[in-house]
Amino acid sequence: MVINQAHTKWIVLGLLLGLFMAALDQTIVSTAMPTIVGEFGAYNKLVWVFSAYMIASVIATPIFGKLSDMYGRKRFFLLGLGVFLLGSILCGMATSMDQLIIYRAMQGIGGGAIMPLCFAVIFDIFPPEKRGKMNGLFGAVFGLSSVFGPLVGAYFTDYIDWRWIFYINVPIGIVSVTLLMVFFREVGDKRKQSIDWGGAVLLAATILCLMFALEMGGRNYAWDSWQILGLFAAFLVGLALFLLVESRVANPIVALHLFRNKVFTASQFSSFLYGAIMISGATYIPIFVTGVYGGSASDAGQTLMPMMLGVVASSVLGGRFVGKFMYRSIMLVSVTILLVSLALLGTINVDTARWVVTLYMVCVGLGIGVSFVVFNLATLHKVSPQFKGAATSMIVFFRTIGSALGVTIFGVIQIGRYQDNIASALQDPAQQAQFSDPQALLQSGVRDALPPELQQQLVTGLAESVAYIFQWTIVLAAVALLLILLLGKANVEPSEGERPAMSFE
């Protein structure tokens with residue numbers, strides 16, 4: 001490998017800034033959403049602000065990963081940055097919830113390149129024994145952006161304008177693009193190869209069918225309606241066709257043979273579950289703080305921030321320990337902390353003190369953070385260098401699709417539980433219809449104007465519905481525990497004999 005050491009630090013800085021920007025966006029939006037919903041309305045579309053980003057990212061991630069293996073990392077990383085920045089500008093200019101959802105999808109396409117290719121470049125330019133520390137550094141940056149996200153989002157929302165949660169990406173992205181264009185000199189195999197466009201189209205269609213079925217079921221159409229059953233059937237048919245196509249093409253979007261590796265497979269599905277668990281906290285704790293406590297965006301950010309601090313601390317520690325202990329040993333500690341903290345979050349109610357919720361969130365962060373380091377490394381266990389880009393994109397793919405499905409399914413569960421609670425608490429059908437979603441609780445003016453007894457009934461129903469979500473996440477953590485046991489005795493291996501997929505000069 002030929003590396004200009006003077007350039008390497010600038011390449012890493014450019015990658016760190018790109019990762020910081022993309023990761024910042026995931027949490028900075030959470031604290032502003034109650035305010036955005038208050039302005040645009042359409043609480044029933046709230047989850048789609050998150051889902052649109054993640055669905056687009058899920059579809060784009062394996063495509064960019066495969067293309068980077070074929071034609072090099074730089075061009076697709078820069079393309080992802082450009083698309084992400086354009087989407088950010090448009091999100092800031094949105095005038096309705098529908099527009100915001102569309103522009104968030106554009107951001108998601110860019111994010112689908114930034115995160116996996118960031119880690120793929122690190123795997124290219126550093127030997128295995130140094131990747132743990134580098135992953136710890138990148139995990140810490142991810143966590144720091146998650147810490148600053150709630151604070152910055154709350155500050156912009158409360159004191160400037162929520163639109164600046166998107167505009168802030170522009171200066172960061174420009175610096176990242178500049179550094180990579182100047183210092184990133186990539187030399188690799190640029191031979192013409194076929195692209196599995198059929199697999200890409202099937203993957204997109206399959207995921208969209210599933211997401212639309214989950215989102216519209218029980219709301220727009222009954223679960224047993226032909227529309228919803230048809231979407232589920234289309235998902236199953238699309239999945240079968242996708243697997244058939246991927247098993248036969250020369251250069252598949254998803255290299256199915258990688259799943260013969262037990263460590264690789266366990267890492268992917270564990271990452272899927274961790275992604276779903278993390279999004280539950282990032283989405284519903286701000287709703288709980290704003291709707292139950294009557295807090296502002298700043299209050300929501302201050303409660304979400306401790307979870308991200310836990311993510312940072314856990315990520316850094318994971319980077320230091322991953323070269324000394326087996327992946328399984330580290331992740332067993334992680335999942336144990338996660339199980340306990342989720343069980344505690346499942347008990348929160350209107351009488352739970354805010355500092356108690358904060359403490360629980362710290363524990364969740366400690367349980368989640370190390371997974372970014374360990375699963376990123378474990379996914380490359382015994383994987384050939386020519387498949388590194390595809391492998392690292394898959395770990396991001398599964399984490400993101402876990403988040404996308406998690407926020408959608410949890411959204412269905414939460415709103416359904418809330419409506420059941422309201423139906424039990426309110427006898428007047430007109431009131432049941434009027435307060436069928438908790439949007440009134442997210443607008444301080446409307447909330448304060450409600451009669452105290454009615455306000456208490458609504459707040460109690462919302463609090464219980466959020467706690468119910470965390471009770472469900474315990475099941476996900478328990479399944480993750482079983483998958484982590486499959487990691488066996490795998491650990492970081494020395495770099496002897498490894499050859500890079502490409503070099504930098």
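The structure presented is a predicted model; accordingly, all values stated were derived computationally and were not measured.
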Take F64 and L79, measure what side-chain contact (heavy atoms from CB on, under 4.5 Å) needs, and give me the verdict at the end. CA-CA 10 Å; F64 279 119; L79 176 62; 3.9 Å; yes
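- Across all non-hydrogen atoms, the minimal contact from A60 to I109 is CB-O, 3.7 Å.
- Taken from CG in L345 to CZ in F470, the straight-line distance is 5.0 Å, to the nearest 0.5 Å.
- Of all non-hydrogen atoms in P286 and G281, the two that sit nearest each other are CD-O, 3.7 Å.
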Under the criterion side-chain contact (heavy atoms from CB on, under 4.5 Å), I'd like the reasoning laid out for I277 against I368: C-alpha separation, chi angles, the key distance, then a yes or no. CA-CA 9 Å; I277 291 169; I368 288 175; 4.3 Å; yes
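- Using a 4.5 Å heavy-atom threshold, the side chains of K74 and L180 count as separate.
- Side-chain N or O atoms of S314 include none that pairs as donor or acceptor with a backbone N or O of G310 at under 3.5 Å.
- Looking at every heavy atom in both residues, S341 comes nearest to V364 through OG-CG2, 3.5 Å.
- For the salt bridge (charged side-chain N to carboxylate O under 4.0 Å, His left out) test, residues two or more places apart in sequence or in another chain that qualify with E464 are R417.
- Side-chain contact check for Y53 versus M106: every heavy-atom pair is 4.5 Å or farther apart.
- Residues forming a side chain to side chain contact (heavy atoms under 4.5 Å, CB included) with L359 (at least two apart in sequence, or on another chain): W355.
- Under the salt bridge (charged side-chain N to carboxylate O under 4.0 Å, His left out) criterion, D161 pairs with no residue, sequence neighbours left out.
- Of all heavy-atom pairs spanning S57 and G111, the tightest one is OG-C, 4.0 Å.
- Legend: salt bridge (charged side-chain N to carboxylate O under 4.0 Å, His left out) pairs involving residues 392-410, not counting sequence neighbours: none detected.
- Each of L203, T206, I207 was compared with L239 under the side-chain contact (heavy atoms from CB on, under 4.5 Å) criterion, and only T206 meets it.
- The line from CG of L476 to CG of L338 is 9.5 Å long, rounded to the nearest 0.5 Å.
- Taken from CG in L377 to CD1 in I395, the straight-line distance is 10.0 Å, to the nearest 0.5 Å.
- Put simply, CD1 on I36 and CH2 on W162 are 5.0 Å apart, with the number rounded to the nearest 0.5 Å.
- With hydrogens and angles disregarded, no donor-acceptor distance shorter than 3.5 Å links the side chain of S176 to the backbone of L17.
- L19 is not listed as a side-chain neighbour of L15, based on a closest heavy-atom distance of 4.5 Å or more.
- Side-chain contact between L78 and V177: present, with at least one pair of heavy atoms (C-beta onward) separated by less than 4.5 Å.
- Looking only at side-chain heavy atoms (C-beta outward), Q268 and F272 stay at 4.5 Å or farther from each other.
- When the ring pair (Phe, Tyr, Trp, His ring centres under 6.0 Å) test is applied to F288, the partners found at least two apart in sequence or on another chain are Y293.
- Under the side chain to side chain contact (heavy atoms under 4.5 Å, CB included) criterion, I413 pairs with I409, F410, Y468, I469, W472, sequence neighbours left out.
- Between L366 and A313 the shortest heavy-atom distance is CD2-CB, 4.3 Å.
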Does T352 form a side-chain contact (heavy atoms from CB on, under 4.5 Å) with V292? I'd like the steps, not just the answer. CA-CA 10 Å; T352 303; V292 175; over 6 Å; no
What's the verdict on side-chain contact (heavy atoms from CB on, under 4.5 Å) for M21 and I114, showing C-alpha distance, side-chain angles and the deciding distance? CA-CA 9 Å; M21 178 187 68; I114 293 172; 3.9 Å; yes
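- Evaluation of the side chain to side chain contact (heavy atoms under 4.5 Å, CB included) rule for Q227 yields Y221, S225 as partners, not counting sequence neighbours.
- F375 meets the ring pair (Phe, Tyr, Trp, His ring centres under 6.0 Å) test with Y274; sequence neighbours excluded.
- In this structure, Q414 and L462 have side chains that are in contact, with non-hydrogen atoms separated by less than 4.5 Å.
- Residue A56 comes nearest to A105 through the heavy atom pair CB-O, 3.1 Å, listed as atom of the first residue, atom of the second, then distance.
- Take F269 and apply the ring pair (Phe, Tyr, Trp, His ring centres under 6.0 Å) test, not counting sequence neighbours, and it matches F398.
- Here N376 contributes atom CG and S267 contributes atom OG; the two are 9.5 Å apart, rounded to the nearest 0.5 Å.
- Checked against ring pair (Phe, Tyr, Trp, His ring centres under 6.0 Å), F232 has no partners two or more places apart in sequence or in another chain.
- Between the side chain of Q471 and the backbone N or O of G346, at least one donor-acceptor pair lies under 3.5 Å.
- In this structure, R163 and F156 have side chains that are not in contact, with every pair of non-hydrogen atoms separated by 4.5 Å or more.
- Here salt bridge (charged side-chain N to carboxylate O under 4.0 Å, His left out) pairs that include residues 102-114, with residues two or more places apart or in two chains, are D25-R104.
- Applying the side chain to side chain contact (heavy atoms under 4.5 Å, CB included) criterion to A94, with sequence neighbours excluded, gives Q99, L100, Y103.
- Here the straight-line distance linking atom OG1 of T178 with atom CE of M181 works out to 7.5 Å at 0.5 Å rounding.
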